[in-house]
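Presented below is the structure to which this report refers.
Letters A, B, ... are given to chains in the order of the sequence lines, protein chains preceding strands, and every chain is numbered from 1.
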Amino acid sequence: MKRRLKRNFYLQPTLTVSKKLLGKYLVHRTKKGIISGKIVETEAYIGPQDKASHSFGGKVTPRNLAEYMEGGHIYIYLVYGMYWQLNISTAGQGKGECVLIRALEPTEGIQQMIKNRPKAKKRHDLANGPGKLCQALGFNKRHYGVDTVKNKEVWLEDRGQNFKKSDIIASRRIGIDYAEEWAKKPWRFYIKGSPFVSKL
DNA sequence: AGAGTGATCATG
DNA sequence: ATGATCACTCTC
């Protein structure tokens with residue numbers, strides 16, 4: 001059973017979407033074939049009050065525009081001059097909220113992932129970080145603003161797996177120490193015991 | 001623990 | 001036009 005996630009999924013509260021995204025599949029149809037992975041780690045960004053969010057204070061720039069799109073669109077950007085970060089916008093148009101996809105368990109197209117990430121030594125190194133999974137699946141600027149509800153190349157999919165609350169760990173988000181008290185919010189979620197998460 | 005990397009944004 | 005910043009990864 002494979003079912004593409006529809007608009008309503010992304011219009012739920014951002015923290016709900018962040019948790020429900022665990023166990024869903026991120027799929028990229030490329031010229032070299034399908035590359036996909038099961039989502040095992042996410043983070044919620046809930047601007048404009050969330051100091052860690054790019055939409056903090058209601059700021060709008062050319063870069064963060066996609067964070068304000070209607071739920072289900074891709075907000076992708078470059079950090080540290082090297083690494084793409086894939087987010088999915090949530091809430092209605094005009095709301096600066098999104099979910100960062102932080103780690104995947106590789107499923108399809110593993111040979112292609114290995115070619116895309118020659119430095120990865122093991123299967124669990126292929127996509128266990130936000131920059132790594134974009135390399136592995138081949139995501140970059142050309143996916144900016146893409147609507148995953150309708151696009152023919154990129155989408156998210158339910159394959160019938162659901163987790164109990166006790167299978168999900170909530171902890172503080174990574175790499176946002178500048179966000180003061182917001183850095184402490186337990187808005188990073190991952191599947192308990194998964195060897196494919198970015199950090200413990 | 002430290003370096004690398006360059007687009008983006010605020011400032012002037 | 002310039003300089004600081006950065007939701008990371010790799011190598012030591």
In whole angstroms, how far is the P atom of C:dC6 from the CD1 atom of A:Ile176?
12 Å
Indicate, with a heavy-atom threshold strictly under 4.0 Å, whether A:Arg117 touches base, sugar-phosphate, or nothing.
sugar-phosphate
Answer for the Watson-Crick or wobble partner of B:dG2, both distances under 3.5 Å, is C:dC10
Before we go on, tell me: are the rings of A:His28 and A:Phe139 under 6.0 Å apart, centre to centre?
yes
So, does the side chain of A:Tyr77 form a donor-acceptor pair with the base of B:dA7 at under 3.5 Å?
no
Give the rounded distance in Å between these two atoms: CG of A:Asn140 and P of B:dA7.
14 Å
Nucleic acid contacts of residues 98-111 of chain A, taken as heavy-atom distances under 4.0 Å to DNA chain C
A:Cys98, A:Leu100, A:Arg102
Roughly, in whole Å, what's the span from CD1 in A:Ile46 to C1' in C:dA7?
14 Å
Using atom CD1 of A:Ile76 as one end and atom P of B:dA7 as the other, report the distance to the nearest whole Å.
16 Å
So, is A:Tyr178 near the phosphate of C:dA7, with a side-chain N or O under 4.0 Å from OP1 or OP2?
yes
Across the strands shown, which category fits A:Lys141 at heavy-atom distances under 4.0 angstrom: base, sugar-phosphate, nothing?
sugar-phosphate
May I ask you to say what A:Arg63 touches in the nucleic acid, namely base, sugar-phosphate or nothing, with a heavy-atom cut-off under 4.0 Å?
sugar-phosphate
At 4.0 Å (heavy atoms only), tell me whether A:Glu43 reaches a base, stays on the sugar-phosphate, or touches nothing.
nothing
Within 45 degrees of the ring normal and closer than 6.0 Å to the centroid, is that where the cationic atom of A:Lys6 sits relative to A:Phe9?
no
Check this for me: A:Lys95, atom NZ, are more than 12 non-hydrogen atoms of other residues, nucleotides or ligands nearer than 6.0 Å?
no
Heavy atoms only, 4.0 Å cut-off, all strands: where does A:Lys199 land among base, sugar-phosphate and nothing?
nothing
For A:Tyr75 and C:dA7, what is the distance between atoms OH and P respectively, to the nearest whole Å?
9 Å
Does the side chain of A:Thr61 get closer than 4.0 angstrom to OP1 or OP2 of B:dT8 through an N or O atom?
no
Restricting to salt bridge (charged side-chain N to carboxylate O under 4.0 Å, His left out), what partner residues turn up for A:Arg188, sequence neighbours left out?
A:Glu41
The answer to which of A:Asp125 and A:Gly175 contacts DNA chain C further toward the 5' end, by nearest nucleotide, is A:Gly175
Under 4.0 angstrom between A:Lys132 side-chain N/O and C:dC10 OP1 or OP2
yes
Spacing between A:Glu67 atom CD and B:dT8 atom C1', to the nearest angstrom:
15 Å
Nearest to the side chain of A:Lys119, which nucleotide is it out of B:dG4, C:dT11, C:dA7?
C:dT11
Cluster check A:Leu11, A:Tyr45: I/L/V/M/F/W/Y, side chain < 4.5 angstrom:
no
So is the aromatic ring of A:Tyr80 stacked onto the base of B:dG4, judging by whether the centres are under 5.5 Å apart and the planes are under 30° apart?
no
In whole angstrom, give the distance that lies between atom CG of A:Asn64 and atom P of B:dA10.
9 Å
Is any side-chain heavy atom of A:Ile74 closer than 4.5 Å to one of A:Asn151?
no
How about A:Tyr77 and A:His54: do any of their side-chain heavy atoms sit closer than 4.5 Å?
yes
Can you tell me the base-pairing partner of C:dT2? Count Watson-Crick or G-U wobble geometry only, both distances below 3.5 Å, and say none if there is no partner.
B:dA10
For the residue pair A:Arg102 and A:Tyr190, establish whether any side-chain heavy-atom pair is separated by less than 4.5 Å.
no
Atom CE of A:Met82 and atom P of C:dT5 are separated, to the nearest Å, by 17 Å
